[in-house]
Amino acid sequence: MQRRIFTEDHEAFRKTIRDFIAKEVTPVYHDWEKQGHPPREFYNRLGDLGVLGIEAPEEFGGGGVSDFTYSLVIAEETSAAGVTFGSYSVHSNLILPYLMEYGTQEQKERWIPGFCSGELMFAIAMTEPGTGSDLANIATTAKLSEDGSHYVLDGAKTFITGGALADRILVVARTTPFDPENRRAGLSILVVDTKSEGFAVGRKIEKIGLKASDTAELSFDSVKVPVEDLLGEEGAGFTYLSHNLAQERLTIAIGASATAAAAVQHAIAYTKERDVFGRPVAAFQNTKFVLAECSAEVEAIRAIVDRALELHNEGELTVPDAARAKLFATETAGKVIDKCLQLHGGYGYVLEYPIARLYADTRVTRIYGGTSEVMKTIIAKDLGL
């Protein structure tokens, strides 16, 4: 079906990204997977290309373009090539709204130029070993020093994407004692310098997918964080997190849309080339029917994701609608990719083929950014249930 969200500028950008992937990513991607992340200088290359700060203001070295469609283009091109840009998406799609919405002018001048160039890579640390999706139960603490000059940060975080290579990490911590009557109160966001004494990167978590994106455990042992590095107001952290959930979940839905579409294209190409019983696999009626189903499902994913993207660009995407997009896109993408892998037979289980990587990489989309069960809860509340 014809899509109306792309302009000539988007398509020119698409060609730039496609050429960049073919030249600088695909030939070395296997090495990235073995290492667990791209080399640090790769993010400087993304900065040179203008990818990291597309939506950042020009005064800070960004592109000054308020259009999330460029993120969709990147997702589609990386998925088609069967690669990822490491922790790029967390850095560019999740962190920037926090810095722009809640950062002071001084903080923006200090951080965003490096954010755009790749000199300063950012991550966000919310999840803890005992919290999961229950962010109101965060136990990491940040106590203000007696002279009021800094916070003393103590605690641990886990499943932190980009945590191993980050230069700055947005850490969600409790700055006032836990109140069982108001569990969401007292959370603040501190922008922690990873060179700080007492900060440590722990175990690099081995995952079944997204092997070229580092995921780490982090610990904070009496880390001193200057009060100048508090993001926004003390105690307003939970509100800030909620405000940015719509874009985070749209980002995940966009990725699911891109991977599902890529899976269908890989399955079409494979079944046309692979012969069984003297005929191409694509010649069998079952293959045609499965791919027809998958094509229709991809179009349905695109319809809801493209609409959510339009609403987001207009500043009108709500948290419930973002939840609907994420739930439908990720659940349906999982089904599509599973069917496409089945059409590959035994080779679908071999990492040499892109479909295997897509299968493993996509599974987590139903978990992070809020599980499918959490999305259903949000939608049910919106229905008055």
Side-chain angles (χ1 to χ4, degrees), residues 1-6 14 18 21-22 26 29-30 33 72-73 75-84 207-212 252-309 324-368 371-373 375-376:
M1 298 175 68
Q2 185 178 4
R3 303 168 78 189
R4 301 181 182 277
I5 61 172
F6 298 118
R14 183 186 301 279
R18 186 177 297 170
I21 291 171
T26 302
Y29 193 71
H30 185 60
E33 289 188 306
L72 174 58
V73 172
E76 290 184 342
E77 290 306 310
T78 52
S79 294
V83 302
T84 67
K207 313 179 296 294
I208 63 173
L210 295 176
K211 292 184 179 295
I252 297 168
I254 282 173
S257 173
T259 54
V264 173
Q265 293 307 310
H266 289 307
I268 291 172
Y270 178 83
T271 55
K272 284 182 176 180
E273 296 172 358
R274 175 71 171 171
D275 286 346
V276 176
F277 305 120
R279 301 167 60 193
V281 175
F284 291 87
Q285 186 182 65
N286 178 70
T287 304
K288 296 176 182 179
F289 281 5
V290 169
L291 288 172
E293 290 173 359
C294 290
S295 175
E297 288 165 333
V298 165
E299 292 301 333
I301 296 172
R302 281 177 167 171
I304 193 170
V305 170
D306 288 1
R307 181 58 185 141
L309 178 61
R324 290 181 176 95
K326 180 184 185 295
L327 176 65
F328 182 78
T330 58
E331 291 287 342
T332 309
K335 297 173 186 176
V336 168
I337 295 170
D338 184 73
K339 288 187 282 189
C340 289
L341 186 149
Q342 187 72 16
L343 291 177
H344 283 69
Y347 288 104
Y349 205 66
V350 177
L351 287 174
E352 178 183 345
Y353 287 80
I355 193 67
R357 188 180 293 140
L358 288 175
Y359 181 84
D361 288 355
T362 301
R363 183 60 184 87
V364 74
T365 62
R366 286 176 268 170
I367 299 172
Y368 65 16
T371 64
S372 290
E373 291 73 24
M375 298 303 101
K376 293 173 185 177

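Hydrogens, waters and symmetry mates are skipped; everything else that's a heavy atom, side chains included, is used.
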> Does the side-chain contact (heavy atoms from CB on, under 4.5 Å) test come out yes or no for E77 and I21, once each step is laid out?
Replying inline: CA-CA 8 Å; E77 290 306 310; I21 291 171; 4.0 Å; yes

> Can we say R302 and E299 salt-bridge, meaning some charged N sits less than 4.0 Å from an Asp/Glu carboxylate O?
Replying inline: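 E299 and R302: salt-bridged.
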
> Should E293 and K339 count as an ion pair when the cut-off is N to O under 4.0 Å?
Replying inline: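 Yes, this pair counts.
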
Just by distance, do the side chain of [X] and the backbone of [Y] share a donor-acceptor pair under 3.5 Å?
X    : Y    : value
T271 : I268 : yes
T362 : Y359 : no
K211 : K207 : yes
D361 : L210 : yes
S79  : E76  : no

So, taking the atom named [atom1] in [X] and the one named [atom2] in [Y], what distance separates them when rounded to the nearest 0.5 Å?
X    : Y    : atom1 : atom2 : answer
I254 : T365 : CD1   : OG1   : 13.0 Å
L291 : C294 : CG    : SG    : 6.0 Å
R324 : I304 : CZ    : CD1   : 8.5 Å
K335 : T330 : NZ    : OG1   : 10.0 Å
L358 : D338 : CG    : CG    : 12.5 Å
D306 : R4   : CG    : CZ    : 12.0 Å

>> Could you check whether atom CZ of R3 has more than 12 heavy atoms from other residues, nucleotides or ligands sitting under 6.0 Å from it?
In response: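 Above 12, so yes.
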
Looking only at non-hydrogen atoms, find the nearest pair between [X] and [Y] and report the distance.
X    : Y    : answer
G255 : A75  : CA-CB, 4.4 Å
V305 : A253 : CG2-O, 3.8 Å
A263 : I337 : CB-CG1, 3.7 Å
A333 : T259 : CB-OG1, 4.5 Å
T84  : A212 : OG1-CB, 4.0 Å
A267 : L343 : CB-CD1, 4.4 Å

>> Are R357 and Y29 packed together at the side-chain level, in the sense that at least one heavy-atom pair is separated by less than 4.5 angstrom?
In response: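 With C-beta onward as the side chain, the pair touches.
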
> Taking the six-membered ring of F6, is NZ or CZ of R14 closer than 6.0 Å to its centre and within 45° of its axis?
Replying inline: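 Relative to the ring axis of F6, which defines the angle, R14 lies inside both limits.
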
> So Y270 and Y353, would you call those rings parallel, tilted or perpendicular, with 30° and 60° as cut-offs?
Replying inline: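 Geometry flag for Y353 against Y270: perpendicular rings.
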
